[in-house]
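Scroll down for the structure; my scribbles are underneath it.
Every chain is numbered from 1 and lettered A, B, ... according to where its sequence line falls, protein lines coming before strand lines.
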Amino acid sequence: MIRFFNTLSRKLEPFRPLDPGKVKLYTCGPTVYDYAHIGNFRAYIFEDLLKRFLKFMDYEVIQVMNITDVDDKTIKGAQSEGLELEDYTKKYIQAFFEDLESLNIDKADYYPRATEHILDMAKMITGLMNKGFAYRQDGSIYFRISKFPNYGRLSGMDLAKLKPGQRTEADEYEKESVQDFALWKTKKEGEPFWETDIGAGRPGWHIECSVMSSKYLGQTFDIHCGGVDNIFPHHENEIAQSEAYSGKKFVNYWLHCRHLIVDGEKMSKSKGNQYTLRELLEKKHDPAALRLLLLATHYRKMLNFTFAGLRQAEASLQRIRDFIYELENRKFKKEENKDIPKLVEKTRKKFIEGLSNDLNISVSLTALFEMIRRVNINLAKEKLGPKNAEELLSLIYSFDKVLALLPEKEKTSLSVDIEEKIKAREKARAEKNYELADKIRQELLESGVVLEDTKDGVRWKIKKSK
RNA sequence: GGCGCGGUACCCAAGUGGCUAAGGGAGAGGUCUGCAAAACCUCGAUUCGUCGGUUCGAAUCCGACCCGCGCCUCCA
């Protein structure tokens, strides 16, 4: 049984999708005004883990991730660079998809863009006005929170105690209540706008998710994810809009991940600790190691990113890779170890149990590493057969459908030049000319190739980064 | 001020009433090796922020305190 912690109830709940065997998943996507930073990717990787695990458990998953390509920040960014909005966001949308690929994040089925759903938004807003949930004020349209009694349920906010924040904008003075939020912002000089039935203007932020989720997943769907900062007001507002409009329950399970901090401090541009994936890749960090680092801490726990932590993740990952390398490259005797099938089953069971319990990845990784240790002991004693190795490999690769840490095509080949050098070194060693052999080994190391002399002969690896 | 989360070894991190407090990294010792490196093995917290309480029994439950962090109108 799979259980998730539902923000709505603040409890672990058994997961039961609307349609058995099928999961409809909506994940809040990026606002494309800049390159995404590692904090953003913590959320996307958590969502990826969720999705991959559901697929691993034989669910069919339909995932929608929105792309917010019109809002205050994208508009401001486009203005400051003197670009059309679309030309400005294009670059970051493309970068976003490249980053997803670097981190081996499974593609969503739909990536709807806000700017491509303006008419759908106008339609929903009209519906909300007809039902009395929205009103027009100076051309803009606001959601009337007082009409929606469940407002605040997701976040546990008590409306009466809500203090208006400091960022309340001056141009929103005219609302009936400070807490009412904009569905539609009337056309403003110098800003992009759309001509629609409800007038010329642009959408408020929250409406896009209500519109696009229902369009691709239906008015009620299974899971909605995002970072904790989205709980209030964004997801609260989505619920209000969607349920007011449809009269149906919007989402059954709300899953939110906590934030990532850097060196114990909140990430912020002014502190200079806001890393993008690109920056880390430029510093030659392994994207798979970053993926492991972001994956390995439970999603509802705060994650403190440090470079020491990243190096530890690199080392952990190397342990898995070396294990696979052994299984794939050793010459096994014919004799099979009868205990291995039992170990495989036990490991598979624990791996699944871990993730089934609100994505407790630590338990699952423990299962994997425990197995690696046990098998290594047998490996050292040469108590492993070819079938054993095959079975173990197939288990690890099945886990990797969830973890996605092992790129499939990692068959790097060496240049002829380097192969020549390895051969030359072998010759030198055979002649006991160790001085020359060591010199060649050092040269290869400097070009990133590590040589290891084993019983079965020399073997090489590409040096891990750093 | 309101609501909420967390403090487990040198670092990361499971465990949330009772078998030896997982696992990874780092470190130390060993195997292997021409020597290395890599890999592998072994070792490692009488103790879970502090102080009280409940209990036959607490890292786990309760209370107080200390420390760190998040949200409170467009930040994942």
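B:C69 and B:A45: their C1' atoms are spaced 26 Å apart (whole Å). The C1' atoms of B:G44 and B:U50 are separated by 26 Å, rounded to the nearest whole Å. The separation of B:A76 from B:G70, taken at their P atoms, amounts to 16 Å, rounded to a whole angstrom. Going from the P atom of B:G34 to that of B:C41 covers 22 Å, rounded to whole Å. A distance of about 22 Å separates the C1' atoms of B:C5 and B:C11, rounded to the whole Å. For B:A14 and B:U31, the C1' atoms lie 31 Å apart once the distance is rounded to whole Å. The gap from the P atom of B:C3 to that of B:C65 amounts to 15 Å, rounded to the nearest Å. Between the C1' atoms of B:C12 and B:C48, the separation comes to 16 Å (whole Å).
Taking atom CE on A:Met302 and atom P on B:A13, their separation rounds to 9 Å, with Å as the unit. Going from atom CZ of A:Arg153 over to atom P of B:C71 covers 24 Å, rounded to whole Å. Look at CG on A:Leu277: it is 16 Å from P on B:A76, rounded to the nearest Å. Between the P atom of B:A76 and the CD1 atom of A:Ile105 lies a distance of 14 Å, rounded to the nearest Å. Between the CZ atom of A:Arg258 and the C1' atom of B:G4 there is a distance of 8 Å, rounded to whole Å. One atom, CZ of A:Phe369, and another, P of B:G25, lie 7 Å apart when rounded to the nearest Å. If you measure from atom CD of A:Gln442 to atom C1' of B:G34, you get 17 Å, rounded to the nearest angstrom. Remark: P of B:C40 and CD1 of A:Ile324 are 12 Å apart, rounded to the nearest angstrom.
Shown here are the ring pair (Phe, Tyr, Trp, His ring centres under 6.0 Å) partners of A:Tyr325, two or more places apart in sequence or in another chain: there are none.
Evaluation of atom-type donor-acceptor distances gives no pair under 3.5 Å for the side chain of A:Gln312 against the base of B:C12. Taking 3.5 Å as the limit, the base of B:A14 and the side chain of A:Ser362 contain no donor-acceptor pair of atoms between them. Below the 3.5 angstrom threshold, one finds a donor paired with an acceptor across the side chain of A:Asp453 and the base of B:C35.
The phosphate of B:U8 has neither OP1 nor OP2 within less than 4.0 Å of any side-chain N or O from A:Lys301. An OP1 or OP2 oxygen of B:A14 is reached within less than 4.0 angstrom by no side-chain nitrogen or oxygen of A:Asn357. At B:C40, one or more side-chain N or O atoms of A:Arg319 fall inside 4.0 Å of OP1 or OP2 (strictly under the cut-off). For B:A26, neither phosphate oxygen OP1 nor OP2 lies less than 4.0 angstrom from any side-chain nitrogen or oxygen of A:Arg311.
Of the candidate nucleotides B:A22, B:U73, B:A39, B:U73 has the atom nearest to the side chain of A:Phe181. Nearest nucleotide to the A:Arg373 side chain, out of B:G70, B:A39, B:C41: B:C41. The nucleotide whose nearest atom lies closest to any side-chain atom of A:Asn360 is, among B:A22, B:G15, B:A76, B:G15. For A:Val450, whose side chain is taken as the heavy atoms from C-beta onward, the closest listed nucleotide among B:C74, B:C75, B:A37 is B:A37. Comparing B:A37, B:U42, B:A76 by their closest approach to the side chain of A:Met267 singles out B:A76.
Mapped onto RNA chain B by nearest heavy atom, A:Asn40 and A:Phe323 fall at different nucleotides, with A:Phe323 at the one closer to the 5' end. Of the two residues near RNA chain B, A:Asn230 and A:Ile261, the one whose nearest nucleotide lies more 5' is A:Ile261.
Between A:Tyr299 and A:Leu294, every side-chain heavy-atom pair lies at or beyond the 4.5 Å cut-off. Looking at A:Gln94 and A:Thr89, their side chains never come closer than 4.5 Å, going by heavy atoms from C-beta outward. A:Tyr142 places none of its side-chain heavy atoms less than 4.5 Å from the side chain of A:Leu183. In this structure, the side chains of A:Trp460 and A:Leu444 stay at 4.5 Å or more apart for every pair of heavy atoms.
When heavy atoms are screened at a 4.0 angstrom cut-off, A:Arg425 is found touching base atoms of the nucleic acid. Residue A:Gly226 is classed as a sugar-phosphate contact, given heavy-atom separations below 4.0 Å to backbone atoms only. Residue A:Asp322 is in sugar-phosphate contact alone, with no base atom involved, counting any heavy-atom pair closer than 4.0 Å across all strands shown. Within 4.0 Å of A:Lys266, counting heavy atoms only, lies at least one base atom of the nucleic acid. Across all strands shown, A:Asn376 has heavy atoms under 4.0 Å from sugar-phosphate atoms exclusively, and none from any base. The residue A:Leu379 sits apart from the nucleic acid: no heavy atom pair falls under 4.0 Å. Across all strands, A:Glu452 comes closer than 4.0 Å to base atoms (heavy-atom distances). A:Thr297 comes within 4.0 angstrom of sugar-phosphate atoms only, judged by non-hydrogen atoms across all strands, and of no base. At a threshold of 4.0 angstrom between heavy atoms, the contacts of A:His298 are confined to the sugar-phosphate backbone, with no base atom among them. Looking at heavy-atom distances under 4.0 Å, A:Asp438 makes contact with a base. If you check every strand for non-hydrogen atoms under 4.0 Å, A:Ile231 touches nothing. The residue A:Tyr434 sits close to a base: some heavy atom pair falls under 4.0 Å. Residue contacts shown for A:Arg441 include a base, since a base heavy atom lies under 4.0 Å away.
When both pairing distances are held under 3.5 Å, B:U50 makes a Watson-Crick or G-U pair with B:A64. Figure legend. B:G18 is base-paired to B:C56; pairs are counted as Watson-Crick or G-U wobble with both atom distances under 3.5 Å. Using N1 to N3 plus N6-O4 or O6-N4 for Watson-Crick, or N1-O2 and O6-N3 for G-U wobble, each under 3.5 Å, B:C71 pairs with B:G2. In this entry B:A39 has B:U31 as its Watson-Crick or G-U wobble partner, both defining distances falling under 3.5 Å.
The shortest non-hydrogen separation linking A:Asp400 to A:Arg52 is O-NH1, 4.4 Å. The two atoms that bring A:Leu359 and A:His298 nearest to each other are O-ND1, 3.4 Å, heavy atoms only.
Figure legend: cation-pi geometry between A:Arg300 and A:Phe5, with NZ or CZ positioned under 6.0 Å from the six-membered ring centre and within 45° of its axis. Under a cutoff of 6.0 Å and an axis angle of 45°, A:Lys147 and A:Phe133 do not form a cation-pi pair.
Applying the salt bridge (charged side-chain N to carboxylate O under 4.0 Å, His left out) test to pairs two or more places apart or on separate chains, none has a residue in residues 230-243 of chain A.
Applying the 5.5 angstrom centroid cut-off and the 30 degree plane-angle cut-off, the aromatic ring of A:His259 is stacked upon the base of B:A76.
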